[in-house]
There are 2 protein chains.
Amino acid sequence: MAQETAPAGPESGASEPDPEPHPSGSRLAGLSDARLMLDRTSTVSRLADVLRAQIIEGALLPGTQLAEHAVADAIGVSRNTLREAFRLLAHERLVVHEPHRGVFVRTLDADDVRDIYATRRLVECAAVRVEGAPPEAVAEIRAAVDTAEVGVSEKRWNDVGTADLRFHSAIVALAGSRRLNDMMRRILAELRLVFHMMADPHRFHEPYVHRNAAIATLIEEGRTAEAVQALIVYLDDAEAQLLGGIAERSRLGR
Amino acid sequence: MAQETAPAGPESGASEPDPEPHPSGSRLAGLSDARLMLDRTSTVSRLADVLRAQIIEGALLPGTQLAEHAVADAIGVSRNTLREAFRLLAHERLVVHEPHRGVFVRTLDADDVRDIYATRRLVECAAVRVEGAPPEAVAEIRAAVDTAEVGVSEKRWNDVGTADLRFHSAIVALAGSRRLNDMMRRILAELRLVFHMMADPHRFHEPYVHRNAAIATLIEEGRTAEAVQALIVYLDDAEAQLLGGIAERSRLGR
DNA sequence: CTTGCCGGATTGCTCAACAATACGTACCGT
DNA sequence: ACGGTACGTATTGTTGAGCAATCCGGCAAG
């Protein structure tokens, strides 16, 4: 399942942050990142990408143990290389590393959800308020909404979820900060773990698609105060629904 | 220099993100992280802590190459173990990992400074505005100010810098979000790299101590709007000064 | 001065081994 | 039946060596 969806966004190299553009004054611009395109290698990076994609897609459910020897053999890499990849994923909070016990796909609790939504409320609302947002970010917001609506009409709920997170990434991109974008990408990846812990994941996205559209319009029209208000309501509702799902899940069989 | 200062804050385990507090409803609070205190082992964690402290204190200056074999031999750990620690630090952006070339202590440029301050403006100002801030966070703000003032009177500039960053960490803590705190700790650690790239690092902290005190008072009195305004001015000035320092540095011998 | 080539050094990754730790299970006394 | 102990096994933590791939510096040729 979930195998047919695109790998979402494993683009983040995560370890090569800077092309360090040479100070040469010559007109050779546009080549500064060519180096990165060339040696996109590094087994560890690709390994982390693969595992990240598997976790985000739900192929590896929260709580699953990732035994080193087994995974290393299955994928065909050395145990040491796998451990390096695990360190990255642990730093992204997609897996937890319990000493002498192993690494497990992260299981989030109610406190995590509350913390995630506290962060989202603060960052997303502040991003909407930022002056002089780059126009391509606004366009990206609209594009995400369109994608989500297509997904709804075709009942591709997984894609709807992806588009929803893309929508909120685009909102954060209004702030125009790379670090903020990275942080939010990681937090939204965490959020996918919560969805995978639920039954009927799609019901957590589908009702919000039209709200996203409304918020997008408000942003496009520069009505930031109203957009922020709508966003707060949105986030409160979504948080409450997820907390309800977690409570329900823990009530029955845990 | 800088050797006499305390290791600042190497507390962040960075790889064991969660004590995973057991859902047991019993009143055994405060013990959830006892497990971590016990097996505080893990060579990789301690190794990362050591390197992080060295970098943050300035013992390892930006641009320094950390050759695997040399460092591993010097510290007395295996090369594989060291590589795992490097992955952590690279993810924290304290070092850069250039494929087939090695890892270097990160060198930040003007764009990095702008990005860091864009993030700080957004996050810190929003944190001040958050309702219902935990009182211990406010107390921590005041404590940081006091420490900074003691540092000034004793001309311990390095401690003044540490206290300044502690002040801003405390401001972010007003939001009461663990993830936000972690992110800001990492960003402020990055900022220390910028300071180490400058001549006379202390002149970037000393003029701001009394401003911190004023902001702290405004926060304590609940005058958030004024506090935010003062914070924005503060951040703008600090950013401009750092950018000036970088420009100056790149003008002469790079 | 540029181009091409070579040798030395470093990194990327693998493999195998051993110590340290956690877990399941059988055993034991009460 | 219950709590505790001991033990064997499986997994992780860490090490060390080794080889291919890659980068860097220098040197020779054009």
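Order of the sequence lines sets the chain letters (A, B, ...), proteins ahead of strands, with each chain counted from 1.
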Check this one for me: any side-chain N or O of [X] less than 4.0 Å away from OP1 or OP2 of [N]?
| X | N | result |
| --- | --- | --- |
| B/T81 | D/dT15 | yes |
| A/T43 | C/dG12 | no |
| A/S42 | C/dG12 | no |
| A/H97 | D/dT12 | no |
| B/R83 | C/dT11 | no |

Give the rounded distance in Å between these two atoms: [atom1] of [X] and [atom2] of [N].
| X | N | atom1 | atom2 | value |
| --- | --- | --- | --- | --- |
| B/N80 | C/dT14 | CG | P | 11 Å |
| A/R87 | D/dT12 | CZ | P | 13 Å |
| A/L82 | C/dC15 | CG | C1' | 15 Å |
| B/I75 | D/dT14 | CD1 | C1' | 15 Å |
| B/E98 | C/dT10 | CD | C1' | 14 Å |

Could I get the full list of side chain to side chain contact (heavy atoms under 4.5 Å, CB included) partners for [X], not counting sequence neighbours?
| X | result |
| --- | --- |
| B/E190 | A/R179, B/R93, B/R106, B/L108, B/I116, B/I187 |
| B/V103 | B/L66, B/F86, B/H97 |
| A/E136 | A/P134 |

**Interface with DNA chain D, restricted to residues 61-70 of chain B and to heavy atoms under 4.0 Å** =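 Close to the strand, none.
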**Asked** Taking the side chain of A/S78 as its heavy atoms from C-beta onward, which of D/dT15, D/dT14, C/dT14 lies nearest to it?
**Response**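 Nucleotide nearest to A/S78's side chain: C/dT14.
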**Asked** Is there side-chain contact between A/M198 and A/I246, with heavy atoms separated by less than 4.5 Å?
**Response**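 A/M198 vs A/I246: side chains touch.
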Under a 4.0 Å threshold between the charged nitrogen and the carboxylate oxygen, would [Y] count as salt-bridged to [X]?
| X | Y | result |
| --- | --- | --- |
| B/E239 | B/R114 | no |
| A/E57 | A/R192 | no |
| A/D49 | A/R46 | no |

**Item:** With B/E84 via salt bridge (charged side-chain N to carboxylate O under 4.0 Å, His left out) - residues at least two apart
**Value:**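 With neighbours one apart ignored, the set is A/R83, A/R87.
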**Prompt:** Taking A/D164 for the side chain and A/H205 for the main chain, is one N or O donor matched with an acceptor at less than 3.5 Å?
**Reply:**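 Answer holds: no.
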Might you list the N or O atoms of the protein lying below 3.5 Å from N or O atoms in nucleotides 17-20 of chain C, with each pair's distance?
| from | atom 1 | to | atom 2 | distance (Å) |
| --- | --- | --- | --- | --- |
| C/dA17 | N6 | A/R79 | NH2 | 3.2 |

